[in-house]
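The block underneath contains the structure these notes are about, expressed in structure tokens.
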Amino acid sequence: MKKELNIHFEVYKNKSALTKIEKKLLKAASESRKKAYAPYSEFLVGCAILLENGEIIRGNNQENAAYPSGLCAERTALFWLSANYPNVKIKKIFIIGGPLHHTADQKAVPIPPCGSCRQSIMEYESKQLSPIEIYFASTQGKTCKCGSIRDLLPFSFDKNHL
Ligand code: THU
């Protein structure tokens with residue numbers, strides 16, 4: 001039996017198509033991106049997480065001379081958030097990434113979260129029992145939006161399988 005899975009996402013050509021709060025998150029993520037510690041890859045990622053209480057938490061990638069010891073922007077923010085606000089729900093996560101020195105083409109590509117970050121977002125989404133909206137953007141402002149991590153991580157493994 002063959003089956004099909006559909007995922008849903010929206011694309012915004014540039015930041016003028018974003019709402020006020022989305023623009024605020026883009027700005028926070030961009031500012032945080034500029035503070036990333038990424039001397040090895042020179043690939044800078046920033047993220048901004050909107051909580052249900054209206055607070056915005058920021059994070060960026062943190063690299064290490066022992067490469068695998070580094071951490072992505074999304075998990076830097078998510079783990080800090082969960083450690084400090086364990087019971088506050090996440091509404092939106094906005095990610096922006098790109099090389100420090102980019103060509104015009106690279107500037108236009110929205111940077112999606114890596115597999116490990118998707119798995120971590122899944123953990124918090126299944127814990128809070130409500131969807132987390134995920135935005136990922138290029139440094140030019142072109143943005144993709146998914147309504148839930150389920151669109152980025154179909155066939156996911158979570159606590160319900162244990
Ligand atoms: N990176 C992130 O921060 N988030 C992702 O989802 C993808 C990759 C970082 C990790 C590393 O510091 C650099 O980008 C290059 O892979």
Side-chain angles (χ1 to χ4, degrees), residues 5 7-12 14-15 18 21-51 55-85 89-128 131-158:
L5 260 177
I7 67 153
H8 304 273
F9 64 101
E10 290 168 62
V11 183
Y12 305 100
N14 53 53
K15 77 172 187 184
L18 299 174
I21 183 67
E22 289 167 348
K23 281 187 188 132
K24 200 171 170 188
L25 290 170
L26 168 64
K27 187 168 181 273
S30 304
E31 283 172 8
S32 185
R33 175 178 173 268
K34 289 184 188 130
K35 296 180 186 158
Y37 178 62
Y40 303 106
S41 70
E42 295 195 332
F43 191 90
L44 276 55
V45 185
C47 85
I49 299 177
L50 176 69
L51 304 181
E55 263 190 77
I56 294 175
I57 305 299
R58 300 168 178 212
N60 48 39
N61 51 331
Q62 296 295 315
E63 297 189 346
N64 194 286
Y67 294 174
S69 300
L71 197 62
C72 291
E74 299 89 319
R75 279 175 292 154
T76 301
L78 284 167
F79 294 165
W80 186 90
L81 172 55
S82 181
N84 290 284
Y85 299 84
K89 288 189 180 181
I90 297 169
K91 287 182 81 171
K92 300 173 189 285
I93 175 164
F94 202 113
I95 305 154
I96 181 163
L100 181 60
H101 309 288
H102 37 205
T103 62
D105 278 359
Q106 285 170 323
K107 250 188 155 177
V109 181
I111 302 297
C114 78
S116 298
C117 290
R118 293 179 199 203
Q119 185 67 28
S120 295
I121 298 168
M122 175 60 73
E123 183 67 28
Y124 298 116
E125 185 172 297
S126 45
K127 178 181 173 231
Q128 70 179 34
I132 297 174
E133 291 177 333
I134 299 156
Y135 299 77
F136 52 97
S138 71
T139 50
Q140 215 177 41
K142 184 179 178 185
T143 302
C144 295
K145 175 191 175 187
C146 295
S148 158
I149 189 60
R150 300 203 168 270
D151 288 317
L152 286 174
L153 195 62
F155 282 112
S156 54
F157 176 82
D158 66 21

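Computed from a predicted structure; not experimentally measured. Whatever order the structure lists ligands and atoms in, that order sets their numbers, starting from 1.
- Among all non-hydrogen protein atoms, the one lying nearest atom 12 (O) of ligand 1 is Glu63 OE2, 2.4 Å.
- In this structure, atom 4 (N) of ligand 1 has protein heavy atoms in its sub-4.0 angstrom surroundings.
- Of the candidates Ser41, Cys47, Gly46, the one placing a heavy atom closest to atom 15 (C) of ligand 1 is Ser41.
- Considering both main-chain and side-chain atoms, Cys114 comes within under 3.5 Å of ligand 1 through a nitrogen or oxygen pair.
- Proximity to Pro113 (heavy-atom distance under 4.0 Å) selects the following atoms of ligand 1: 6 (O).
- The two atoms that bring Pro131 and Gln128 nearest to each other are O-NE2, 4.0 Å, heavy atoms only.
- Looking only at protein heavy atoms, the nearest one to atom 9 (C) of ligand 1 is Asn61 ND2, 3.5 Å.
- There is no side-chain donor-acceptor pair under 3.5 Å between Gln62 and Asn64.
- Contacts between Glu74 and ligand 1, counted as non-hydrogen atom pairs separated by less than 4.0 Å, involve the side chain only.
- Heavy atoms only, all atoms of each residue included: Gln119 and Leu153 are closest at OE1-CD2, 3.6 Å.
- Arg118 places a side-chain N or O within 3.5 Å of a backbone atom of Pro113 that can act as its donor or acceptor partner.
- Contact analysis leaves Ala38 out of contact with ligand 1, as no non-hydrogen atom separation drops below 4.0 angstrom.
- A heavy-atom distance below 4.5 Å is found between the side chains of Trp80 and Ile57.
- The two residues Lys15 and Lys23 come nearest to each other via the heavy atoms O-CE, 3.2 Å.
- At a 3.5 angstrom cut-off on N or O pairs, Ala73 counts as close to ligand 1.
- Residues Tyr40 and Glu42 bring no donor and acceptor atom of their side chains to less than 3.5 Å of each other.
- Here the heavy atom of the protein found nearest to atom 8 (C) of ligand 1 is Cys72 SG, 3.9 Å.
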